[in-house]
**Q** 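Sharing a structure below in structure tokens format, with a few things to ask.
Since we're looking at a predicted model, the values are computed, not measured. Numbers for residues simply follow the sequence, beginning at 1.
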Amino acid sequence: MSALYRKDIDGLRAIAVLMVVFYHAEFSFISGGFIGVDVFFVISGYLITTVLLRDVESNSFSFAQFYLRRLRRLMPAFIFISVLTTIGATVLLLPSALIKYSESLLAAFLSISNLYFWKNSGGGYFSPGTDELPLLHTWSLSVEEQYYVLWPLFLVISYRYVKRNRLGGVIAILAVVSLLLSQWLAITKPTTAYFFLPTRAFELLMGGGVAYYYSSLPTLNRYVNHFLSFTGMLFVLGSGFILTDESTFPGVNALFPCLGVCILIYTGRNRHNTGVINRIISIRPLVFIGLISYSLYLWHWPVFAFLNVAGIILLDHEKWFVIFILILLAYLTWFIIEQPFRHKYKFRFVKTLISYVMFPVVACIGYAFFIYNSSGYINRFSPKVILMIDAINSRSENRNNHCHNTKFTNQTKDRCTLGFSEKSEIDVLIVGDSHADAVTGMVDVLLKDGELKGYVITANTMIYLPGVVSYEPKGQGQENKAFLRRGNHLTQLIASEEKFNFIVLAGRWASYISGLNDHDKKNGEIYLQDIKVKGDLNLFNSAINFELGMDRAISVISRAGAIPVIIESVAEFGLDKSDCVIRNKIWANNQNCSINIESVKSRQKKVNEIFANLKKKYPSIIFIDPKKIMCGKTLCYSSLNGVPLYKDDDHFNHVGSKIVGNLYLKKYSNPFVIP
């Protein structure tokens, strides 16, 4: 063992990794176990800085030797477990998920998986969909590896140009700046704050600061040392039990567990005056877990992710059994892979770089190329399953023609059409947001049956509400001027010489008055404000302005001599159940692929009240409700007759939209009948 080795630090590692494992096992007693990663960051900052300072001060530092040690320490186990994880992913993941996996695998080996998951985790680390990403846990490894690149450079340069006694102050300033940035972004852009090195740097720097001042720290009274060790562990464990995935994090909330680790490193500094908690965490079982903590961290998340993919819900006693298996796998990996390749099978720097970095990256590129070109290795599934997968991925003709979510002037009636294509004149105008685009398959079926031709104008979060402006969540209260501008263009089009028999309004109506209900999106309110009556931006006023805007829209349509048609919202699942029926078929599971109709009604209650008021004022309004097809008396379904209806948690896919249209036509008369 190295002279720097301390059993209590391995004990700290054990506590850190067990907190993470228990949290990901979803034990109810540890709501903030994710702070185990922060404990690792502080320990890494302390140990790496200690080694760097020793080598720099003795003029023995070598970048090649530093990175050689890091590669030998980290890469063998990572490569081994990544290979096994890739085999599991290739067998278990559906095509779209496998494509994303191949991307994340390459990102992990390039040490940028934190940036990858920042862009591709939906609503962030705590989003429900992330529990099926087998390499999500590698984000923290990438943060550390980026630190390994920058920190040695900083210390070497600082030792040359900054006085030795001022270096500690520089480290402190950097840590404070990082903490302030972390707190600000944790509030304004939590996903960025969670995944980025600059917002996590203060944790590593705190460990580095302890290393810098280590030898000059005062020796404490034995009882004070015991008390501080209790305090340090209280900060660590208290954070793990008190924080939740709803907490603002990292920022100040991450400061407490990090401070606790720093205190524990300090109170265990003197072997003859060790804090009582340092002694307790130096017991053999914890030291053993600490020694295998890296392999345990690498193993635990892919296993839990694959269990989630397969829809296997574990009981508490089953979770303990899985954790036992994980510890066994981690020990075998540590014994067979980590230790030999770190101490026995040593290669020179260039060979190590080629074997541990360059070759794996090339292999990842080759794997990703194969997965992309085989559409997610789709041929491993039966023809029936492939059809189901194709249904989920089906896109509307509106999107295929690049008519959705583009400039209003580009949405021309010569190409943005549907329905009875043989006709030259346009009978029906369809306007709305992405939900309007998602129901164009259904509308297409109805228009073809009625031998009518439609003109489609849709864009994300752009329903037709004349005289109303929106404030979108992404803009954090910033006015979306395009919303009002598009509304004005539509009013001019409807009032022009272009005469339509029907004008269809469709959208995700409830989101404009109740906010988004996606569990993976925070701050999901879209506020509406009347341009004539300024008021506070809140959902109560949004509902009032929504009704005002809808009233104006129906009035404009009626004055133009067209019949207003409103397509009611589909059932919103909140969680993506688009592939639920496929998983049930593949795994012979019985996952619930439906949602209680009462929750759907509750979500859309206010909208339906507004629509009822509009119907009283404008009796000519025609309502089309897809839920009459996809819902029964108690449940709404994400698939019909084994065919997925959705492409995510709230949008129809094109095949599903057409199925609903055909079934609607069979069960009800075609509403598009020219008087």
**Q** After noting the C-alpha distance and the side-chain angles of T86 and Y101, does the key distance pass the side-chain hydrogen bond (donor to acceptor under 3.5 Å, both in side chains) rule?
**A** CA-CA 8 Å; T86 299; Y101 172 82; 2.8 Å; yes
**Q** Where do F41 and E144 come nearest, in terms of heavy atoms and distance?
**A**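 F41 and E144 have their closest heavy atoms at CE2-CG, 3.6 Å.
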**Q** Tell me, do Y214 and I265 make a side-chain contact under 4.5 Å, heavy atoms counted?
**A**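 Heavy-atom side-chain distance check passes, below 4.5 Å.
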**Q** Minimum heavy-atom separation for T274 and G268, please, with both atom names.
**A**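 Nearest heavy atoms, T274 then G268: CG2-CA, 4.2 Å.
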**Q** So, are D8 and R13 salt-bridged, with charged N and O less than 4.0 Å apart?
**A**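 R13 and D8: not salt-bridged.
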**Q** Rounded to the nearest 0.5 Å, how far apart are NE2 of H24 and CG of L136?
**A**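 Between H24 NE2 and L136 CG, I get 7.0 Å after rounding to 0.5 Å.
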**Q** Could you check whether any side-chain N or O of T333 sits under 3.5 Å from a backbone N or O of S295, counting only pairs where one atom can act as donor and the other as acceptor?
**A**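 Such a contact is absent between T333 side chain and S295 backbone.
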**Q** Do F349 and F347 have their ring centres less than 6.0 Å from each other?
**A**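 No, the ring centres sit 6.0 Å or more apart.
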**Q** Inspect the surroundings of CZ in F63 and state if more than 12 heavy atoms from other residues, nucleotides or ligands are less than 6.0 Å away.
**A**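 Yes, enclosed.
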**Q** With F34, which of W139, F22, F126 fulfils ring pair (Phe, Tyr, Trp, His ring centres under 6.0 Å)?
**A**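 Answer after filtering W139, F22, F126: F126.
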**Q** State, yes or no, whether a side-chain contact exists between F324 and L329 at a heavy-atom distance under 4.5 Å.
**A**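 A side-chain contact under 4.5 Å is absent here.
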**Q** Step through the shown structure and confirm whether more than 12 heavy atoms of other residues, nucleotides or ligands are within 6.0 Å of CZ on F369.
**A**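 Not more than 12 within 6.0 Å, no.
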**Q** Distance-only, no hydrogens or angles: does the R583 side chain make a donor-acceptor pair with backbone N or O of A310 under 3.5 Å?
**A**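 Such a contact is absent between R583 side chain and A310 backbone.
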**Q** Between the main-chain N or O of D131 and the side-chain N or O of N308, is there a donor-acceptor pair closer than 3.5 Å?
**A**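 Pair found, side chain donor or acceptor close to backbone of D131.
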**Q** Identify the two heavy atoms, one from N225 and one from G275, that lie closest to each other, and give their separation to 0.1 Å.
**A**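 Closest pair (atom of N225, atom of G275, distance): ND2-N, 3.3 Å.
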**Q** Got a donor-acceptor contact below 3.5 angstrom from the S178 side chain to the P198 backbone?
**A**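 Judged by distance alone, yes, a pair lies under 3.5 Å.
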**Q** Does atom CZ (F80) have a neighbourhood of more than 12 heavy atoms from anything else shown, all under 6.0 Å?
**A**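 It does: F80 CZ has more than 12 such atoms within range.
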**Q** Can any side-chain N or O of R54 pair as donor or acceptor with the backbone N or O of T49 at less than 3.5 Å?
**A**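 Answer holds: no.
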**Q** Do I283 and L286 come within less than 4.5 Å of each other through their side chains, counting heavy atoms only?
**A**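 With C-beta onward as the side chain, the pair touches.
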**Q** Would you say the side chains of S140 and Y297 form a donor-acceptor pair under 3.5 Å?
**A**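 There is such a pair between these side chains.
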**Q** Can Q146 and N114 be counted as having a side-chain donor-acceptor contact under 3.5 angstrom?
**A**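 Indeed, the side chains of Q146 and N114 share at least one donor-acceptor pair under 3.5 Å.
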**Q** Taking atom CH2 of W587 as the centre, report whether more than 12 heavy atoms of other residues, nucleotides or ligands fall under 6.0 Å from it.
**A**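 Yes, because the 6.0 Å sphere around CH2 of W587 holds more than 12 heavy atoms from other groups.
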**Q** If every non-hydrogen atom of L106 is compared with every non-hydrogen atom of V361, which pair is closest and at what distance?
**A**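 Result for this residue pair: CD1-O, 3.9 Å.
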**Q** When you look at CZ of F306, are more than 12 heavy atoms from neighbouring residues, nucleotides or ligands closer to it than 6.0 Å?
**A**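 Yes - once you tally the heavy atoms of other residues, nucleotides and ligands closer than 6.0 Å, there are more than 12.
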**Q** Under 4.0 Å between a Lys/Arg side-chain N and an Asp/Glu carboxylate O for K7 and D10?
**A**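 So K7 does not pair with D10 through a salt bridge.
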**Q** Assert yes or no for the condition that the ring centre distance of Y331 to F288 is strictly below 6.0 Å.
**A**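 That pair passes the under 6.0 Å test.
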**Q** Looking at every heavy atom in both Y116 and A107, which two are closest together, and how far apart are they?
**A**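 Smallest interatomic distance, heavy atoms only, reads CB-CB, 3.7 Å.
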**Q** For H226 and V276, indicate whether the former's side chain and the latter's backbone hold a donor-acceptor pair under 3.5 Å.
**A**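 Yes, H226 side chain to V276 backbone: donor-acceptor pair under 3.5 Å.
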**Q** Please answer whether the main-chain N or O of F196 pairs with a side-chain N or O of T199 as donor and acceptor at a distance below 3.5 Å.
**A**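 Such a contact is found between T199 side chain and F196 backbone.
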**Q** Is a salt bridge present between E132 and K100, judged by a nitrogen-to-oxygen distance below 4.0 Å?
**A**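 Not counted as a salt bridge, because no side-chain N and carboxylate O are separated by less than 4.0 Å.
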**Q** Look only at the side chain of D316 and the backbone of F27, and say whether a donor-acceptor pair between them is shorter than 3.5 Å.
**A**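 Answer holds: no.
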**Q** H137 vs H300 aromatic rings, parallel, tilted or perpendicular, using cut-offs 30° and 60°?
**A**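 Plane angle over 60°, so perpendicular.
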**Q** With a 3.5 Å distance limit and no angle check, can you tell me whether N253 reaches the backbone of S247 through a side-chain donor-acceptor pair?
**A**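 No: the side chain of N253 does not pair with the backbone of S247.
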**Q** Donor-acceptor check, side chain of T130 to backbone of Y125, threshold 3.5 angstrom: yes or no?
**A**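 Such a contact is found between T130 side chain and Y125 backbone.
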**Q** Mind running ring-ring contact (aromatic ring centres under 6.0 Å, His included) on Y161 and Y159 for me, showing each step along the way?
**A** CA-CA 6 Å; Y161 298 105; Y159 256 77; over 10 Å; no
**Q** Around atom CD1 of I313, are there more than 12 heavy atoms of other residues, nucleotides or ligands at under 6.0 Å?
**A**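 Open: at most 12 neighbouring heavy atoms sit under 6.0 Å from CD1 of I313.
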**Q** Heavy atoms only: give me the nearest A186-A193 pair and the separation to one decimal.
**A**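 Of all heavy-atom pairs spanning A186 and A193, the closest is N-CB, 3.4 Å.
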**Q** Are more than 12 heavy atoms, taken from residues, nucleotides or ligands other than F29, located less than 6.0 Å from that residue's CZ atom?
**A**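 Counting other residues, nucleotides and ligands, CZ of F29 exceeds 12 neighbours.
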**Q** Between S113 and S142, do the side chains contain a donor N or O and an acceptor N or O under 3.5 Å apart?
**A**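 Per modelled atom types, S142 and S113 side chains form a pair under 3.5 Å.
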**Q** Mark yes when over 12 heavy atoms from residues, nucleotides or ligands other than Y345 sit less than 6.0 Å from its OH; otherwise mark no.
**A**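 Counting other residues, nucleotides and ligands, OH of Y345 stays at 12 neighbours or fewer.
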**Q** Salt-bridged, E338 to R73, with N to O below 4.0 Å?
**A**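 Between R73 and E338 there is a salt bridge, with a charged N closer than 4.0 Å to a carboxylate O.
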**Q** Is the distance between the ring centroids of F78 and Y294 under 6.0 Å?
**A**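 For Y294 and F78, the ring centres are not under 6.0 Å apart.
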